[in-house]
2 protein chains.
Amino acid sequence: MELHHPERSEIELPAVLHALSDPHRLEIVRRLAENSEPRPCGSFGFDISKSTMTHHFRTLREAGVIRQERQGTSKLTELRRDDLDVMYPGLLDAVLSSKSVPA
Amino acid sequence: MELHHPERSEIELPAVLHALSDPHRLEIVRRLAENSEPRPCGSFGFDISKSTMTHHFRTLREAGVIRQERQGTSKLTELRRDDLDVMYPGLLDAVLSSKSVPA
DNA sequence: CACAAAGTTCGATAGTTATCGTACAAACAC
DNA sequence: GTGTTTGTACGATAACTATCGAACTTTGTG
């Protein structure tokens with residue numbers, strides 16, 4: 001399947017806010033921000049099923065929050081910090097600077 | 001009915017992000033920010049029903065984004081900018097500084 | 001080739017949400 | 001009192017969402 005990523009200019013604020021409003025997805029974004037190396041989806045030790053993880057990653061990707069790329073049998077994920085900082089300056093920093101809550 | 005407002009320390013980030021992720025509610029918050037006078041709920045010319053407006057204002061209030069107070073037959077609404085700026089510094093500014101989209 | 005690893009797709013389900021119309025309540029004006 | 005204004009409560013409904021398990025695909029490894 002093709003991975004659809006919105007262009008920078010197509011990243012919509014309500015979609016970004018909605019993507020970040022789920023505790024699991026918020027935690028994913030926090031961890032991606034702490035460790036800026038792209039990392040596979042499976043490297044988050046959440047206690048939820050693989051198909052649910054797929055759903056959350058797709059939500060983040062389609063909102064323009066993350067970028068995903070196939071790499072062998074896994075899929076590397078990184079934060080679209082550059083694009084988000086241009087479109088919505090300060091938003092990601094504000095979200096990330098608040099205390100983390102266990103997912 | 002009693003109006004429940006969360007304490008400042010009880011304002012949860014996912015709830016705030018969710019409250020702001022709806023285009024109607026985002027527009028309400030933008031207008032409250034532009035004109036800092038408390039204003040009645042009916043003073044937003046949205047083309048949605050009164051009961052839906054009640055729903056959106058309740059969502060914003062229970063998330064801790066707005067404060068509401070009865071004043072005669074109407075109800076005055078104002079942004080909880082002080083509390084939001086303490087709990088999540090920069091968040092509201094980042095959201096408000098992005099271009100407005102018609103609801 | 002067979003097998004393992006990492007994700008996706010496909011229902012299914014239970015819960016939430018945005019919307020409406022109608023009926024109701026509270027405060028005010030007359 | 002009768003209305004008027006402003007908003008709430010109550011169903012109802014259609015759409016969306018978070019979750020799962022089972023089957024599948026793709027890539028790499030032996």
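Residue numbers start from 1 in every chain, and the chains themselves are labelled A, B, ... in the order their sequence lines are given, proteins ahead of strands.
Atom-to-atom, CG of A:Leu26 to C1' of D:dA18 comes out at 16 Å; the value is rounded to the nearest Å. Between the CD atom of A:Gln71 and the C1' atom of C:dA5 there is a distance of 15 Å, given to the nearest Å. Distance A:Phe57 CZ to D:dA18 P: 14 Å, rounded to the nearest Å. In this entry the distance linking CG of A:Leu76 with P of D:dG28 reads 12 Å, nearest Å. Atoms CD (A:Glu27) and P (D:dA18) sit 16 Å apart, rounded to a whole Å. Protein atom NE2 of B:His4 is 16 Å distant from nucleotide atom P of D:dT8, rounded to whole Å. The CG atom of B:Asp47 sits 15 Å away from the C1' atom of C:dA18 (whole-angstrom rounding). Rounding to whole angstrom units, CZ of residue B:Phe46 and P of C:dA18 are separated by 14 Å.
Across every non-hydrogen atom of A:Leu79 and A:Ala33, the tightest pair is CD2-CB, 3.8 Å.
Here the nucleotide nearest the side chain of B:Thr73, chosen from D:dT5, D:dG7, C:dG7, is D:dT5. Residue B:Cys41 has its side chain nearest to D:dG7 when only D:dG7, C:dT19, C:dT17 are considered.
The CG atom of B:Leu3 lies 12.5 Å from the CZ atom of B:Phe57; values are rounded to the nearest 0.5 Å.
Judged by atom type and distance alone, A:Ser51 reaches the base of D:dG21 through a side-chain donor-acceptor pair under 3.5 Å. For C:dG7, its base never sits under 3.5 Å from the side chain of A:Lys75 at any donor and acceptor pair.
Although no hydrogens or angles enter the test, the distance criterion places a donor-acceptor pair under 3.5 Å between the side chain of B:Tyr88 and the main chain of B:Leu13. A distance-only check finds a donor-acceptor pair linking the side chain of A:Arg61 to the backbone of A:His4 [under 3.5 Å].
Using a 4.0 Å heavy-atom criterion, one finds that A:Ser74 contacts the sugar-phosphate atoms exclusively.
Put simply, A:Arg58 has no side-chain N or O that comes within less than 4.0 Å of OP1 or OP2 on C:dG7. The side chain of B:Thr52 places an N or O atom within less than 4.0 Å of a non-bridging phosphate oxygen (OP1 or OP2) of C:dC20. Of the side-chain N and O atoms in A:His55, none sit less than 4.0 angstrom from OP1 or OP2 of C:dG7. Contact annotation: A:His56 side-chain N/O to D:dT17 OP1/OP2 distance is not under 4.0 Å. Residue A:Ser49 places none of its side-chain N or O atoms closer than 4.0 Å to OP1 or OP2 of D:dG21.
Nearest-nucleotide assignment on DNA chain D puts the 5′-proximal partner with B:Lys50, out of A:Arg25 and B:Lys50. Residues B:Arg39 and A:Ser21 each lie close to DNA chain D; by heavy-atom proximity, the contact nearer the 5' end of the strand is made by B:Arg39.
Put simply, the residue from A:Arg67, A:Gln68, A:Arg39, A:Glu69 that forms a side-chain contact (heavy atoms from CB on, under 4.5 Å) with A:Glu78 is A:Arg67.
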